[in-house]
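Step one of this worksheet: look at the structure below.
Reminder, nothing fancy here: chain letters follow the sequence lines and each chain counts from 1.
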Number of protein chains: 2
Amino acid sequence: MTRHALVRPLAIAAAVSLSATLAATTVIADDGLGDYRDRFEPLPHLPPIPAHNSLTDEKVELGNMLFFEPRISASGVISCATCHNPALGWSDRIPRAVGHDGQVGERNTPTVLNSGFLEAQFWDGREPDLEGQALGPIEADIEMAMDLDMALERLMEFEIYQEKFAEAYPEDDNPINKDNLAKALASFQRTLNTPNSPFDRYLRGDMEALNEQEKRGMQAFVDTGCIACHSGPALTDSNFWAIQVPGSTDVGRYEVTGDEADMYKFRTPTLRNVGVTYPYMNNGATETLEEAVAIMGQEMLNREFEDETIADITAFLHTLTGKMPDFEVPALP
Amino acid sequence: MTRHALVRPLAIAAAVSLSATLAATTVIADDGLGDYRDRFEPLPHLPPIPAHNSLTDEKVELGNMLFFEPRISASGVISCATCHNPALGWSDRIPRAVGHDGQVGERNTPTVLNSGFLEAQFWDGREPDLEGQALGPIEADIEMAMDLDMALERLMEFEIYQEKFAEAYPEDDNPINKDNLAKALASFQRTLNTPNSPFDRYLRGDMEALNEQEKRGMQAFVDTGCIACHSGPALTDSNFWAIQVPGSTDVGRYEVTGDEADMYKFRTPTLRNVGVTYPYMNNGATETLEEAVAIMGQEMLNREFEDETIADITAFLHTLTGKMPDFEVPALP
């Protein structure tokens, strides 16, 4: 595994040129399901980049270091990568997050993969973007439990962080600050995308990329109404819907707004890589994708799916698993 | 970063052929310090491989997965890589290890780098080899706090582990067992070596690999007697010596043997990569290498080193930092 800073620029460049190439691909055959395909969008290689946080190699490289940096946690051993573990689909594959002093949180850890495509962050959407999200887990008592000013002080102790922050934010006199910490982490996360899943290749014209069962699943996904909320490139509308899954008493977005209308509402999760980001639901109490599909049919669509339909939709959902992103385990100071 | 299983065999092959090449290198010049160089040994690319645990690509690949596998911990979030963090010199860079439920251990985490060269494992040498060491932290209440049988049961739930254990131990009917878990972890750790440090290149004939101060440090290291215990390719005799560093009441090896003669004895730590494996001493209470050198002079050599001597020896110790090993963050099931 290389640690060249050069890897990252190449990665971004490759992503851009490759997406351009693929966008140009023309449909070379037809299986008669064009009306279904038209309901979906392939995943771009990069998400929208906000005007206030341009995506630069310097920020991405710094964000990569910070994402794996455990010394911005109170214990000194918990980093973003502890719960968003690259070996585990950039999540943790346990029902609910385990953080500082082994405290167990209320909710299942969302993957950071493709999180740049979401228009609301956290299960309850309490932050609109990755810049707003990035600092939350560092400060949360049950996660990294770290005072942000102390985290910044720890970073300032390292010459390499002074250099990297200065390179990433050359216009700032004191670049090691909360905003820049958040912007660097957000920039790195925007590079963690999984394009070119079998379904993306199918949408781009490779009729062989999905088998018959997977195509039946795609049709059922549309016909039964899953797509009403799971739409767009990340298969989420980034909107909030009331749901109480088995075992959950979590009031969801109501905690954020205090508005009765938001009781039990949660943001629609992305279905990208859902096959490798088990367990499921806000409380992580659902172990298998088949169970998750059945529960969503009951709770959101008021339908009892046939076993065959569940199998077909599950097969389709597995085609949403893309190539895991290249990244570097940084050499930290 | 690639995850090809092929990377590993190539790595081993390269290591072997490369070490053969380098062993053949002849001294091309002389700085008159041959008598000093003769007291040292360059680090081989692989440590001795025990007859009962041949080093195979299958075991190394499996061990690589297991090393990063948090689900063999009680919390489901602590893996070997949590404290032996590849981003932090395969250690944790905090004074004492933080484990299950945030419990803080008694001792500083030793790096796993080059640990295959040590003839005694743990600070107190309670295990002779990596096979004996591997399971300890999984079971330790303050580390991963996991019952070994439960750990094995969790692994058995994954088809991929059934396959990988069967490939690694084709002669076993039930390959997922404690011995094979230990052997796979030990095999992976034996590939985590850091040859070709500046000092290794110097010992192999590159007279320019060390500057004048570093060479003065090497001479002081020999002349003052550091080399009496810090000898051999890993710069440790793997023997036990009584020492009470500032702030430590740890009785060390006495806990293992119950022999009064072993009170306060600890295994001589390797000095390989000591420049990147701070903080120092059994209690991790010593922050800088300069302090560590001064303390060792006082405690073990009964000398008050001059500041210049401390600076020279410290400069020499930094030449023992080699190239960090290639490895893969595995894609876990």
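- When the side-chain hydrogen bond (donor to acceptor under 3.5 Å, both in side chains) test is applied to A/K59, the partners found at least two apart in sequence or on another chain are A/N53, A/S54.
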- [ ] Would you sort out whether B/R71 and A/L88 count as a side-chain contact (heavy atoms from CB on, under 4.5 Å), showing the intermediate values?
- [x] CA-CA 11 Å; B/R71 289 160 299 182; A/L88 301 169; 3.4 Å; yes
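- Atom CD of B/E287 is surrounded by 12 or fewer heavy atoms from other residues, nucleotides or ligands within 6.0 Å.
- The side-chain hydrogen bond (donor to acceptor under 3.5 Å, both in side chains) test applied to B/Y161 returns B/E69, not counting sequence neighbours.
- Distance check: A/S75 OG to B/D101 CG gives 12.0 Å after rounding to the nearest 0.5 Å.
- At a 4.5 Å heavy-atom cutoff, the contact between B/L332 and chain A is made by backbone and side-chain atoms alike.
- Using a 4.5 Å heavy-atom cutoff, the side chains of A/F68 and B/N85 are not in contact.
- With a 4.5 angstrom heavy-atom cutoff, A/P333 touches chain B only via backbone atoms.
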